[in-house]
Amino acid sequence: MYLDAILFIGLFASVLVTFYLLFVPTSEYDTTPVGLTTEFLKTQLERFFNSGGNEKKLTIINKSIDDIIKYATFFGLGFGLLATILTVKFIGAFSIIVGFVATVAGVLTTRILIENEFKKWQAELFQGVPPLINFMPAFLDVGALTPSEALVYTVPFLPEPLKSEMQLVINRIKRTGETNQALNTLSRKAKHPIIDAVCFRLGMAWESKVEADMFLDLAESVDNENDQAATRATVTKSGLFALIAVLALVGAIPIFGYPAWGFVEDQITGGFGM
């Protein structure tokens with residue numbers, strides 16, 4: 001009995017000392033191992049989420065890198081913990097590996113969500129193109145307006161976010177006189193071929209007298225883009241339903257799979273008289 005008490009006290013003291021060394025700094029300017037590891041992981045996540053032009057995308061969707069790291073931590077640890085809990089009964093210690101893979105999958109899911117948010121913004125930006133290429137020719141038909149003047153009159157009729165983006169372009173051109181630079185900034189930000197084509201035409205004829213059909217050749221491209229967007233939406237919904245079905249099946253396996261296997265095993269062993 002005394003030996004058990006001594007062993008328990010020794011184990012408790014060992015755990016306490018370990019946690020103290022890991023989490024408590026020895027001085028005001030010292031850093032704990034946990035702090036160093038956390039800072040290292042945060043730096044790596046920042047580098048990962050800022051790579052590949054993601055920094056501009058985060059600005060566009062109004063998300064800070066700190067917000068994204070919080071989401072990544074939530075999804076990563078959530079997926080990892082869930083996967084470990086679901087598999088520990090079946091594969092034991094190997095469930096830690098499964099949990100690690102699920103944690104990485106959670107972090108990657110956060111990056112996919114960023115990309116989807118940016119694509120949503122792209123789609124909303126594109127929705128302003130049909131009004132733009134329809135209203136501007138109406139103003140140009142007057143015959144006394146340049147594309148720059150016609151765009152000023154057209155902007156109030158545009159939906160967001162293209163309305164705000166075009167207003168920024170107009171304000172920058174008025175302030176600096178850099179027409180092509182302002183339009184190229186919008187083109188690079190949108191990363192959309194039709195927005196790029198619109199910016200190119202506006203830049204070429206900003207202060208010139210042009211025909212009202214300057215966007216006529218874009219009408220077919222806009223229709224095709226709308227058809228493709230509708231197709232993508234249908235495919236996305238089908239894929240989402242399929243993903244939900246797969247996740248439901250995977251979640252049902254740990255719940256119903258083990259009892260079912262036990263029933264089959266009982267029937268087989270019973271048939272052999274075991």
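From a predicted model like this one, the values you see are computed outputs, not experimental measurements.
- Nearest heavy atom pair, residue Leu140 against residue Ala150, reads CD2-CB, 3.9 Å.
- Distance check: Thr179 OG1 to Trp206 CH2 gives 6.5 Å after rounding to the nearest 0.5 Å.
- Counting only heavy atoms from C-beta outward, the side chains of Gln44 and Phe48 never approach each other to under 4.5 Å.
- Screening residues 153-170 for side chain to side chain donor-acceptor pair (under 3.5 Å) gives Glu160-Ser164, Glu165-Lys189, Gln167-Asn171 as the qualifying pairs, with residues at least two apart or on separate chains.
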Can you check side-chain contact (heavy atoms from CB on, under 4.5 Å) on Gln181 and Thr176, steps first, answer last? CA-CA 10 Å; Gln181 289 85 340; Thr176 65; over 6 Å; no

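- Val88 belongs to no hydrophobic cluster with other residues, because no ILVMFWY side-chain heavy atom falls under 4.5 Å from its own, directly or through intermediates.
- With sequence neighbours excluded, the residues that form a side-chain contact (heavy atoms from CB on, under 4.5 Å) with Val98 are Ala83, Thr87, Ile91.
- Annotation: side-chain hydrogen bond (donor to acceptor under 3.5 Å, both in side chains) contacts of Thr59 (sequence neighbours excluded): none.
- In this structure, CD1 in Ile170 is found 4.0 Å from CG in Leu151, a value given to the nearest 0.5 Å.
- Residues Cys199 and Leu186 approach most closely at SG-CD2, 3.9 Å, considering heavy atoms.
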Verdict with reasoning, Val107 to Phe49, per side-chain contact (heavy atoms from CB on, under 4.5 Å): CA-CA 10 Å; Val107 174; Phe49 286 113; 3.9 Å; yes

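- Here Ile96 sits alone; no ILVMFWY side chain lies under 4.5 Å from its own, so it joins no hydrophobic cluster.
- Scanning for salt bridge (charged side-chain N to carboxylate O under 4.0 Å, His left out) contacts around Arg111 gives an empty result, with sequence neighbours left out.
- Phe100 CZ to Thr84 OG1: the interatomic distance, rounded to the nearest 0.5 Å, is 11.5 Å.
- Among residues two or more places apart in sequence or in another chain, the salt bridge (charged side-chain N to carboxylate O under 4.0 Å, His left out) test is passed with Glu55 by none.
- Trp121 and Ile60 make their closest contact through CD2-CG2, 3.3 Å (heavy atoms, listed as atom of the first residue, atom of the second, distance).
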Evaluate the criterion side-chain contact (heavy atoms from CB on, under 4.5 Å) for residue pair Asn116 and Lys120; output intermediate values, then yes/no. CA-CA 6 Å; Asn116 287 342; Lys120 180 181 178 181; over 6 Å; no

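- Annotation: side-chain contact (heavy atoms from CB on, under 4.5 Å) contacts of Pro131 (sequence neighbours excluded): Phe135, Leu158, Pro159.
- Linking ILVMFWY side-chain heavy atoms closer than 4.5 Å, directly or via other members, places Leu77 and Leu45 in two distinct hydrophobic clusters.
- Checking side-chain atoms of Glu149 against main-chain N and O of Thr146 turns up a donor-acceptor pair under 3.5 Å.
- Of all the heavy atoms in Ala190 and Ile195, the pair that sits closest is CB-CG2, 3.7 Å.
- The hydrophobic cluster containing Phe200 also includes Met204, under a criterion of side-chain heavy atoms closer than 4.5 Å among ILVMFWY residues, counted directly or through chains of members.
- A distance of 8.0 Å separates CG in Leu125 from CE in Met166, rounded to the nearest 0.5 Å.
- Neither Phe79 nor Ile85 shares a network with the other; the hydrophobic side chains, linked directly or stepwise wherever heavy atoms of I, L, V, M, F, W or Y lie under 4.5 Å apart, form separate groups for each.
- Membership of an apolar cluster is not assigned to Leu168, as no side-chain contact below 4.5 Å to another ILVMFWY residue is traced.
- Criterion: ILVMFWY side-chain heavy atoms under 4.5 Å apart, direct or through other members. Under it, Phe94 and Phe90 are part of a common hydrophobic cluster.
- With sequence neighbours excluded, no residue forms a salt bridge (charged side-chain N to carboxylate O under 4.0 Å, His left out) with Glu124.
- Here CG of Asn54 is found 6.5 Å from CD of Glu115. Values are rounded to the nearest 0.5 Å.
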Check residues 63-71 and write down every donor-acceptor pair under 3.5 Å in which the side-chain atom is one partner and the other belongs to a residue at least two apart or another chain.
unit_1	atom_1	unit_2	atom_2	d
Ser64	OG	Asp67	N	3.2
Ser64	OG	Asp67	OD2	3.1

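- Closest approach of Leu58 and Asn50 over heavy atoms only: CD1-OD1, 4.0 Å.
- Between atom CE of residue Met136 and atom CZ of residue Arg201 there is a gap of 12.0 Å, rounded to the nearest 0.5 Å.
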